[in-house]
Amino acid sequence: MNHILNNAERCGLFTGTYGRSRCTANCLGCYIGESDTYDSKYQGKVDQVHELMSILPNLKEAVIMGNPDPSVDPVFCNETAKILQTRDIRTLFITSGVGGLEMIKRITDGLDPALIRGIGFSVHSLDEKKDALMKGLKAPLLQGIFQSINYLKSLNINVQVLFTIWPMNMDDDWTEYFDFFESRGVAVGNGFGSIEAANGRIDHVPLGKIIEIRKRHKDARLPTVLANDDEYQKYLTTFVAEKKFKCTNLKRIDVCFTDGEIKATYSCSLVGTVYPEYFGNIQEYNLNKFHENTLNTGYCPIHKQALGFEVGSLHPVCRFYKQLPKKPLLKNPTLSF
Ligand code: SF4
């Protein structure tokens with residue numbers, strides 16, 4: 001028995017191995033499919049959901065990513081959530097929004113809204129054409145994602161929008177983006193594009209641009225990514241001291257239903273993408289060899305691959321570190337979509 005698994009409370013769940021090539025969207029910045037795990041077309045089984053619950057007896061929350069998006073297998077994602085809810089396990093879903101309101105109704109059908117912790121939609125730009133360019137197809141905002149958000153809010157289900165900064169949207173007005181969604185009671189999550197650039201479909205965001213974007217949108221809650229000496233000191237005494245890394249947090253795990261076994265990796269998907277040897281049978285899940293160094297220095301172990309350049313005199317901090325605190329969301333926003 002692997003005792004580490006007894007402590008896991010949260011998991012990200014890929015419900016099969018369709019990978020990027022068989023997804024409903026064709027996102028340029030997608031990392032799924034870059035490892036052997038996604039080289040076969042496999043859809044998970046109900047038995048594996050039960051097996052997962054017995055392997056992770058203390059699971060409290062599952063982020064259902066689908067196969068690799070809930071819009072690929074909405075019926076199975078819904079069935080999975082229903083099984084998890086029988087044990088009071090909360091669920092979240094992350095989706096590109098392809099399939100619109102119909103898909104959202106399908107994944108939430110018959111679920112207890114109180115046990116849905118939220119649904120996240122990727123919206124990479126308020127410019128629909130740019131968002132479509134990044135997803136490889138149009139997932140309409142007004143008649144699709146915004147309509148779905150209105151529906152979910154009417155059920156009191158939390159909603160989040162997520163954007164990733166890549167060269168094609170790096171000059172967007174991120175301050176405006178935050179204002180647009182937060183003034184409508186929708187939380188915003190975000191990050192700078194990372195290792196997905198390594199496969200050549202998309203370019204890395206250059207160093208100078210990361211610094212410029214952060215400076216231009218200093219009131220927007222963007223990740224630091226590269227810290228100067230002062231920022232690094234603050235990072236060490238906060239984020240690092242509190243051990244907030246996903247890649248070292250053994251209470252969190254990412255899993256994937258594959259043909260014949262359940263595979264697992266660290267809750268930061270970047271690690272299992274850069275180092276496929278860290279994406280193996282769930283029973284072999286254990287500490288990684290850079291665990292201690294990351295906890296001591298706070299340096300991201302995959303920063304070179306994620307950035308695509310040397311950091312020079314700056315410090316490559318965890319890509320999830322943000323200096324600004326989360327803003328409380330308006331309970332009854334006057335604006336709507
Ligand atoms: S330090 Fe790097 S690998 Fe670890 S959680 Fe942060 S981004 Fe992921």
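Here, residue 1 is the first one in the sequence, and each next residue gets the next number. Ligands are counted one by one from 1 in listed order, and the atoms in each one are counted from 1 as well. Predicted model, so just to flag it, every value in this text is computed and none were measured.
Taking the ring axis of Tyr321 as reference, the NZ or CZ atom of Arg319 does not stay both within 45° of it and closer than 6.0 Å to the ring centre.
Remark: Tyr42 pairs with no residue by the ring-ring contact (aromatic ring centres under 6.0 Å, His included) rule, at least two apart or across chains. Residues passing the ring-ring contact (aromatic ring centres under 6.0 Å, His included) test with Tyr299 are Tyr232, His315, sequence neighbours excluded.
For NZ of Lys209, the number of neighbouring non-hydrogen atoms (other residues, nucleotides, ligands) closer than 6.0 Å is greater than 12.
Among pairs with a residue in residues 108-129, none fulfils ring pair (Phe, Tyr, Trp, His ring centres under 6.0 Å), at least two apart in sequence or across chains.
Any protein N/O/S atom under 2.8 Å from atom 8 (Fe) of ligand 1 was counted, giving 1 altogether.
Ring centroid separation for the pair Phe239 and Phe245 comes in under the 6.0 Å cut-off.
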